[in-house]
Amino acid sequence: MNDDRRVDEHSKDKQLETFRRETGEELTTNQGVSIDDTDNSLKVGERGPTLLEDFHFREKMTHFDHERIPERVVHARGSGAHGYFQVYESMAEYTKAKFLQDPNAKTPVFVRFSTVVGFRGSADTVRDVRGFAAKFYTEEGVYDLVGNNMPVFFIQDAIKFPDLVHSIKPEPHNQIPQASAAHDNFWDFISLMPESMHMIMWVLSDRALPRSYRMMEGFGVHTFRFINEAGKARFVKFHWKPKLGMHSLVWDEVQKLAGKDPDYNRRDLWNAIEMGEYPEFELGVQIIEEEDEHKFDFDILDPTKIIPEEMVPVKIIGKMVLNRNPDNFFAETEQVAFHPGHVVPGIDFSNDPLLQGRLFSYLDTQLIRLGGPNFAEIPINRSACPVHNNQRDGYSRQTIDKGRTNYSPNSLGGGCPMANPENLRAFTHYAEKVEGHKIRKRSDSFKDHFSQATLFWNSMSSAEKDHIVSAAHFELGKVQYKEIRQRMVDLFNQIDNELAKRVAKGIGIPEPQPVAQNHGQSSPALSMENTVKDTVSSRQVAILAADGFDNSQVNAMQQALQNAGAKAMIVSQFSNTITSSTGEEMEVDKTFLTSASVMFDAIYVPGGSQSIETLKQQGDAIHFINEAFRHSKAIAATGEGEELLKASQIQGVHLNGSQGEVSSDSGVISVQNASNMHAVAQTFIEAIAQHRHWMRQQKSKVPA
Ligand code: HDD
């Protein structure tokens, strides 16, 4: 018996290796019998009927017929990656969890990011919460941190989850709409569920449109417990902070991307890892002493509440690096089974009623989704440390348990496997003292549904507020029943009168009178404006060019972008090579047909009079510029490139770079005299790092 529990960064990979299979040369049946023809079924004569004895046909066909498993009832569409987690310093003071002790130890992880509402084949870029589920293969067993990219949830009690999900999924009579909350059923439900309003503010905000899975925060949402070696418990909230900062797309852009590249976020994650741009997230914790449980003006067991970072700082304790794509989507990303109940010694639950219900649902769902109780044997789900118990049999059992005993206590098997109360490594549930009457009732401490929604609204920049209001116009604009829109305006009015009036204006509802006083508090950590904006690492830049482009300008810009970690691509009319004004040839990476401005973070237009004259005649090139401008992206033009900007609708509105001067007003850099390409490129790079330039005025005048 090998009972070695040691786990290192490579343990999980080595375990998976035992299940991997390369494609061999010879085609066989599942029984290993060689096959001479897989293109023609066995028939009576060339034109006769197929024979039942064609075992190769039957096996091939039945396997195919059974290829699909039920998709997840929520979070059906997702993308996964392997990596490792490493703690920065021992957390022994707070928790005995082994993987949080040794800064030199790397624990293997598998992470799955997901959208919530859409079906498995739906588009990535939709307005939705994103799942952020991490599986840690620790030497004390599997630990799952099953979180989202928003720190609160729609409901306070898990018993409402089926209602919530029914309301947001496509309506049952016609299965419309796909991957969208913009329909009557959802807003009908929400308008009757004031506890959802804090979460609704997050869902209407830019957080619901991440530029990349690599550029969003993650949250454990609930309050959990850390338990240290001495048995002392503290409350803890988990946070993931992306090293690249938090960045989002804009609404018009996500809708276009859903058609141009429905796999946008999936592709981004995959490509980043293939390129060696490994996504990194830091793990942070907010720790609350047990005696401080009641010191807040909200209940820390209420999952519709955050603990503002200004109130309890987030202590950064380690980092996760995702450095390997899965070998097989189905085997790994589809079959991975997360469960908030997968905890290890040192981490425990709280009485949050949403968490308590989740502890039932996840195991239950895997039984139907993965076909029975043996899902923990599926390679991606296997613990990296040994597993021993008396659980046996069931569909597709893999393990060959030796010996005659499958019960406990036993004497015939030497009493093994044995639950040992002396084992200090064993999981011991925290002995919280609880007493009360059996009642179906919500605590009064869960009743304030609006203060933190107001806090969120107050914390937004003016651009973020604009986006929330127009998101509400879109979502509620799709709602046919006016009484639902009215009820929503009434709820927004509980948050802030200005917000309610602005929402009302766009959806044909009278502007309401104030009913509640805004408390005026804010939390700067909630605004994405305050995120990291110092890197262009892995950003995608389109260089628009045609025959006759200025080679030295393109080279200088490409080099500078590459040095800064960004990826520049030549976009032109045909997928061919183009020739510069001095005769150099350059490969075209993408065409106007195979790409679009929405797939890039920034645009550069180099000079070269012939190139610019050609591009000026191409509506696609003009559209590229207008659209990127509308989406507030950085745009640079050098030499004659400025003429292309002038030919677009952004002309006159924002171009204030005069000859020889480098200007980045509102992220548009236009320099006629390109003698100092170094300075231009640096200004452009700084403008890209800003992610978007919301301050641009008159954006709506630009047609795109
Ligand atoms: Fe859930 C999947 C996150 C509330 C029931 N949930 C699921 C996934 C994530 C979350 C990230 C996808 C995991 C994966 O990639 O496979 N869920 C959350 C968060 C919640 C939450 C952060 C609130 C704080 N969920 C929640 C409740 C219930 C569920 C209240 C039911 C009582 N969730 C499920 C589920 C899913 C699931 C039905 C579907 C597929 C799966 O579990 O494996 O059991």
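Order of listing sets the numbers, starting from 1, for every ligand and every atom in it.
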Exercise for the section: Please report the number of protein N, O or S atoms that lie less than 2.8 Å from atom 1 (Fe) of ligand 1. Expected result: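 There are 1 of them.
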Is it the case that the ring center of [Y] lies less than 6.0 angstrom away from the ring center of [X]?
{"X": "Phe238", "Y": "Phe224", "answer": "yes"}
{"X": "Phe99", "Y": "Tyr143", "answer": "yes"}
{"X": "Tyr94", "Y": "Phe226", "answer": "no"}

Give the atom numbers and elements of ligand 1 that come within less than 4.0 Å of a heavy atom of [X].
{"X": "Val73", "result": "38 (C)"}
{"X": "Gly147", "result": "3 (C), 11 (C), 22 (C)"}
{"X": "Ala158", "result": "32 (C)"}
{"X": "Val221", "result": "22 (C), 24 (C)"}

Of the protein's non-hydrogen atoms, which lies at the shortest distance from [atom], and what is that distance?
{"atom": "atom 22 (C) of ligand 1", "value": "Asn148 ND2, 3.1 Å"}
{"atom": "atom 23 (C) of ligand 1", "value": "Phe153 CD1, 3.4 Å"}
{"atom": "atom 30 (C) of ligand 1", "value": "Leu354 CD1, 3.4 Å"}
{"atom": "atom 43 (O) of ligand 1", "value": "Gln366 NE2, 2.8 Å"}
{"atom": "atom 16 (O) of ligand 1", "value": "Arg72 NE, 2.7 Å"}
{"atom": "atom 13 (C) of ligand 1", "value": "Phe338 CD1, 3.8 Å"}

Problem - Given Gln286, His222, Glu309, the one that forms side-chain contact (heavy atoms from CB on, under 4.5 Å) with Lys237 - result: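 Passing option: Gln286.
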Would you say [X] and ligand 1 have an N/O pair spaced under 3.5 Å apart?
{"X": "Arg112", "value": "yes"}
{"X": "Thr365", "value": "no"}
{"X": "Ser114", "value": "no"}

Practice task
Indicate, as side chain, backbone, both or neither, the part of His222 found under 4.0 angstrom from ligand 1 when only non-hydrogen atoms are considered.
Solution key: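 For His222, only side-chain atoms sit under 4.0 Å from ligand 1.
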Exercise for the section: For ligand 1, indicate whether the residue Phe132 contacts it via side chain, backbone, both or neither (heavy-atom separation under 4.0 Å). Expected result: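 Within the 4.0 Å criterion, Phe132 contacts ligand 1 through backbone atoms alone.
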Test item: [X] side-chain N/O and [Y] main-chain N/O as donor-acceptor pair under 3.5 Å:
{"X": "Asp268", "Y": "Ser212", "answer": "no"}
{"X": "Ser527", "Y": "Pro524", "answer": "no"}
{"X": "Glu9", "Y": "Ala105", "answer": "no"}

Exercise for the section: Anything under 30° is parallel, anything over 60° is perpendicular, the rest tilted; go ahead and classify Phe113 against Tyr213. Expected result: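 Rings of Phe113 and Tyr213: parallel, under 30°.
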Exercise for the section: Hey, can you tell me if Phe132 and Phe281 have their rings parallel, tilted or perpendicular (30° and 60° cut-offs)? Expected result: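 Rings of Phe132 and Phe281: perpendicular, over 60°.
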Exercise for the section: Run the salt-bridge test on Glu289 and Arg234 with the 4.0 Å N-O cut-off and return the result as yes or no. Expected result: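 Looking at Arg234 together with Glu289, the answer is yes, because their closest N to O distance falls below 4.0 Å.
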Handout entry: Set of ring-ring contact (aromatic ring centres under 6.0 Å, His included) partners for Phe154, sequence neighbours left out
Key =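 Applying ring-ring contact (aromatic ring centres under 6.0 Å, His included) to Phe154 gives none.
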Problem - With Glu217, the side chain to side chain donor-acceptor pair (under 3.5 Å) member among His239, Arg207, Arg130 - result: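 Between Glu217 and the candidates, side chain to side chain donor-acceptor pair (under 3.5 Å) is satisfied uniquely by Arg207.
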Problem - Lys NZ or Arg CZ of Lys319 over Phe85 ring: under 6.0 Å, within 45° - result: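 Checked: cation-pi criterion not met.
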